[in-house]
Protein chains: 2
Amino acid sequence: MKKKSDRLPPNERRSQLIEATLICLMREGASGLSSRKICAQAQVSVGLLNYHFSSQEELVAIAYEEISRRYHEALKAHIDADTKNQNMPIKTLVSCAFEADIMSPDQLRAWVVFWSKTIDSKLMRATHGRINQRLQNYLIQVLAKSLPNSNVDLQVLAIEYSALTDGLWLDWSLNGEHQSSQLWQTILNQWLHRTLMLA
Amino acid sequence: MKKKSDRLPPNERRSQLIEATLICLMREGASGLSSRKICAQAQVSVGLLNYHFSSQEELVAIAYEEISRRYHEALKAHIDADTKNQNMPIKTLVSCAFEADIMSPDQLRAWVVFWSKTIDSKLMRATHGRINQRLQNYLIQVLAKSLPNSNVDLQVLAIEYSALTDGLWLDWSLNGEHQSSQLWQTILNQWLHRTLMLA
DNA sequence: AATAGTATTGTACGGTCGTTCAATAACGCC
DNA sequence: GGCGTTATTGAACGACCGTACAATACTATT
């Protein structure tokens with residue numbers, strides 16, 4: 001029963017610990033944020049965490065970047081794959097807003113933890129600022145392509161859209177429980193319909 | 001330096017502990033949720049908490065009801081006081097959405113904690129359901145008075161409005177830092193303007 | 001094969017956590 | 001004044017927390 005080597009190059013080990021962090025946060029929410037639980041999830045001893053990360057705060061900030069990166073990539077993947085709406089990508093965005101890879105209650109469990117940490121920690125606030133800027137820029141691009149001849153303020157529209165989706169996710173995740181996302185999807189569809197009419 | 005009696009009837013002591021809980025949560029966010037910190041804030045010994053509340057979970061659920069009740073009352077107060085918009089109360093709602101008594105970053109600090117607990121705890125989920133239902137009903141009333149001849153689905157509109165304000169609060173509180181709420185207020189104003197045009 | 005360097009382990013430390021409970025102090029009532 | 005009743009105290013308990021660190025196991029180089 002000899003174990004093969006369980007040593008990994010630092011980058012891979014770090015990725016594994018980040019992945020374990022996201023799994024714990026999505027599974028348990030705030031109570032999943034524990035060095036011991038994260039290391040157990042990664043099947044690694046407690047001490048290793050502080051060898052690869054200077055503190056839990058740093059790990060959480062990096063995990064926040066990672067979940068945001070995945071979210072961003074998932075959005076791009078949906079938009080790039082929807083060949084019918086290449087010149088109206090906001091439609092794609094709206095129609096996939098509640099797909100499992102974009103947003104699920106599990107994911108929100110993790111996001112809420114990140115938000116609550118953002119309030120307390122300077123490092124997290126800086127991280128959140130960067131993340132938010134990147135996502136907002138991408139959203140503005142999407143809106144610019146969708147509304148080429150409109151004179152509405154795209155930044156304002158982008159902030160409104162992301163606020164609306166955040167709020168709908170919250171509502172869906174906290175109230176919906178086992179329900180489908182049907183109702184919340186309808187709300188988003190109607191918002192888009194109105195916005196396109198007036199833009 | 002004799003102390004006057006520091007005994008209180010149970011109801012008053014309970015209120016005081018609930019108040020202390022809200023203060024701690026608004027001041028420190030998640031890390032303020034500690035029996036010891038709450039009792040220190042109330043200038044009371046640790047043991048007393050479990051004399052008046054069976055567990056911290058119960059205290060938090062009741063505090064959630066309380067902050068929601070205050071929020072509800074603050075909304076009503078604004079609407080009742082705005083004599084110019086008695087038949088268009090949604091305008092009042094929008095214009096006071098970022099007033100300090102309605103929503104401030106401090107308040108959001110507490111709400112985020114309640115949301116994160118709602119994910120984990122059955123008791124909190126039940127509480128959240130009740131709170132949400134009450135607020136939604138009130139919002140529907142407000143919308144019904146504001147749009148008497150409209151045939152839009154008021155429940156859908158109510159959910160959209162509360163999701164939008166939740167999202168804007170989040171964005172404002174996490175990004176805005178020391179900024180004014182000007183930008184976020186503008187977004188909400190424009191949303192109302194569009195909604196009224198089409199309703 | 002010996003060595004230097006690096007990744008990993010597990011224990012230990014000091015703290016804080018929520019909760020329990022015997023002791024105590026203040027109260028209303030006779 | 002004496003006496004149940006009830007509110008309050010603070011120490012104690014066991015659990016978990018993040019982190020530090022000496023010891024160990026693995027890898028690469030010579």
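No experiment lies behind these values; they were computed from the predicted model shown. Letters A, B, ... are given to chains in the order of the sequence lines, protein chains preceding strands, and every chain is numbered from 1.
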**Asked** Between dA7(C) atom C1' and Asn11(A) atom CG, what is the distance in whole Å?
**Response** 13 Å

**Asked** Relative to each other, are the rings of Trp115(B) and Trp111(B) parallel, tilted or perpendicular (30° and 60° limits)?
**Response** tilted

**Exam field: side chain Glu57(A) to backbone Ser121(A), donor-acceptor pair closer than 3.5 Å** = no

**Asked** Taking the six-membered ring for Trp, are His72(B) and Tyr138(B) parallel (under 30°), tilted (30 to 60°) or perpendicular (over 60°)?
**Response** tilted

**Prompt:** For the pair made of CD in Glu12(A) and P in dT27(D), what is the distance, rounded to whole Å?
**Reply:** 13 Å

**Item:** Side-chain donor/acceptor of Asp153(B) to backbone N/O of Val156(B), under 3.5 Å
**Value:** yes

**Item:** d(NE2, His52(A); C1', dG18(D)) in whole Å
**Value:** 17 Å

**Asked** What's the CG-C1' distance between Asp6(A) and dT8(C), to the nearest Å?
**Response** 8 Å

**B/S/- contact track for nucleotides 12-24 of chain C, protein heavy atom under 4.0 Å** = B----BBBB----

**Asked** Rounded to whole angstroms, how far apart are CG on Leu59(A) and P on dC17(D)?
**Response** 14 Å

**Asked** Tell me: OH of Tyr51(B) to P of dT5(D), nearest whole Å?
**Response** 13 Å

**Request:** Decide yes or no, distance alone: a donor-acceptor N/O pair under 3.5 angstrom between the base of dC26(D) and the side-chain of Arg7(A).
**Result:** yes

**Asked** Does Arg134(A) come within less than 4.0 Å of Glu65(A), counting only side-chain N to carboxylate O?
**Response** yes

**Request:** Grab the CD-P distance between Gln16(B) and dA7(D) for me, whole Å please.
**Result:** 14 Å

**Asked** So, is Arg13(B) near the phosphate of dA7(D), with a side-chain N or O under 4.0 Å from OP1 or OP2?
**Response** no

**Message:** Could you tell me how far apart Arg14(A) (CZ) and dT8(C) (P) are, to the nearest whole angstrom?
**Reply:** 12 Å

**Prompt:** Looking only at side chains, do Glu160(A) and Trp191(A) share a donor and an acceptor under 3.5 Å apart?
**Reply:** yes

